[in-house]
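To keep things clear, I will list the structure first and then write my remarks on it.
Reckoned from all heavy atoms, side chains included, excluding hydrogens, waters and symmetry mates.
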Amino acid sequence: MSKTETARAPATAAQVRMLWYTAKKAGIGSDVLHARCQNVTGKEHISELSKTEAARLIDDLTGCKRSTWQHADNRPMDRASQGQINVILKLAKQLGWLEDGSKRRLYAFLRARWGVERLDWMPPDVAVKVTEALKAMLKHGRGERKKTATNEQKEGQ
């Protein structure tokens, strides 16, 4: 199938399901979804969309630009906002986890506690939990392991 044939092919059932799922997840009703469809593609009904138009509408609903989102306003809805990421980085810095310029310690914490490999991939609900955990660690002085008498003796040797 050539590019032009693919562009004219009707939207797949999976794309239509994704449109409705994404709209429901964002709290968007049928009327608003159809209005967005009209705005983005120029077509009133989702059933009229081609594969390419459906992909454009999905990208518009998720805030994703063909997987090349770079700015806070272009982040997908299922990812932590740039503001949440900035708060986490600020707290990690206060804990001393970013002193060497590496995020290795922070990523190890995210991986061990929440199974998240990178800040950019973190869902918003996990970002809230991470923020609260880091705040609690700061409040109780648990950024790194507390120095005990045995640790101090080992360091002195």
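- Counting heavy atoms from C-beta on, the side chains of Leu106 and Leu119 come closer than 4.5 Å.
- No side-chain heavy atom of Tyr21 sits under 4.5 Å from any side-chain heavy atom of Ile58.
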From CA spacing to verdict: side-chain contact (heavy atoms from CB on, under 4.5 Å), Phe109, Lys103
CA-CA 10 Å; Phe109 173 73; Lys103 296 177 187 167; over 6 Å; no
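- With Lys43 contributing its side chain and Glu48 its backbone, the two residues share a donor-acceptor pair below 3.5 Å.
- Atom CG of Leu134 is separated from atom NZ of Lys129 by 14.0 Å, given to the nearest 0.5 angstrom.
- Checking side-chain atoms of Gln84 against main-chain N and O of Ser81 turns up a donor-acceptor pair under 3.5 Å.
- Within the 4.5 Å cutoff, the side chain of Trp20 has heavy atoms near those of the Ile46 side chain.
- Residues Ser102 and Leu98 share a closest heavy-atom pair of O-CD2, 3.6 Å.
- Between Pro10 and Lys51 the shortest heavy-atom distance is O-CG, 3.3 Å.
- Considering every non-hydrogen atom in both Arg79 and Asp120, the closest pair reads CD-O, 3.2 Å.
- Pairs of residues two or more places apart, or lying in two chains, that qualify as salt bridge (charged side-chain N to carboxylate O under 4.0 Å, His left out) and include a residue from residues 108-118 are Arg111-Glu117.
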Worked check of side-chain contact (heavy atoms from CB on, under 4.5 Å) between Leu49 and Val16
CA-CA 9 Å; Leu49 296 178; Val16 173; over 6 Å; no
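- Sequence neighbours left out, the pairs with a member in residues 16-42 that pass salt bridge (charged side-chain N to carboxylate O under 4.0 Å, His left out) are Arg36-Asp60.
- For the atom pair CG of Leu95 and CG of Leu138, the computed distance is 4.0 Å after rounding to the nearest 0.5 Å.
- Met18 contributes atom CE, which lies 10.0 Å from atom CD of Gln15 (distance to the nearest 0.5 angstrom).
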Under the side-chain contact (heavy atoms from CB on, under 4.5 Å) criterion, do Lys90 and Asn86 qualify, and how do the steps go?
CA-CA 6 Å; Lys90 177 183 164 194; Asn86 290 344; over 6 Å; no
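- In this structure, Arg56 and Val40 approach most closely via the heavy-atom pair NH2-O, 2.9 Å.
- Note on Val128: it does not cluster hydrophobically with Val116, by side-chain heavy-atom contacts below 4.5 Å among ILVMFWY residues.
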From CA spacing to verdict: side-chain contact (heavy atoms from CB on, under 4.5 Å), Glu44, His34:
CA-CA 6 Å; Glu44 287 185 43; His34 283 92; over 6 Å; no
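- When all heavy atoms of Ile88 and Ala127 are compared, the closest pair comes out as CD1-O, 3.9 Å.
- With contacts defined as side-chain heavy-atom distances shorter than 4.5 Å, the pair Lys93/Leu89 does not qualify.
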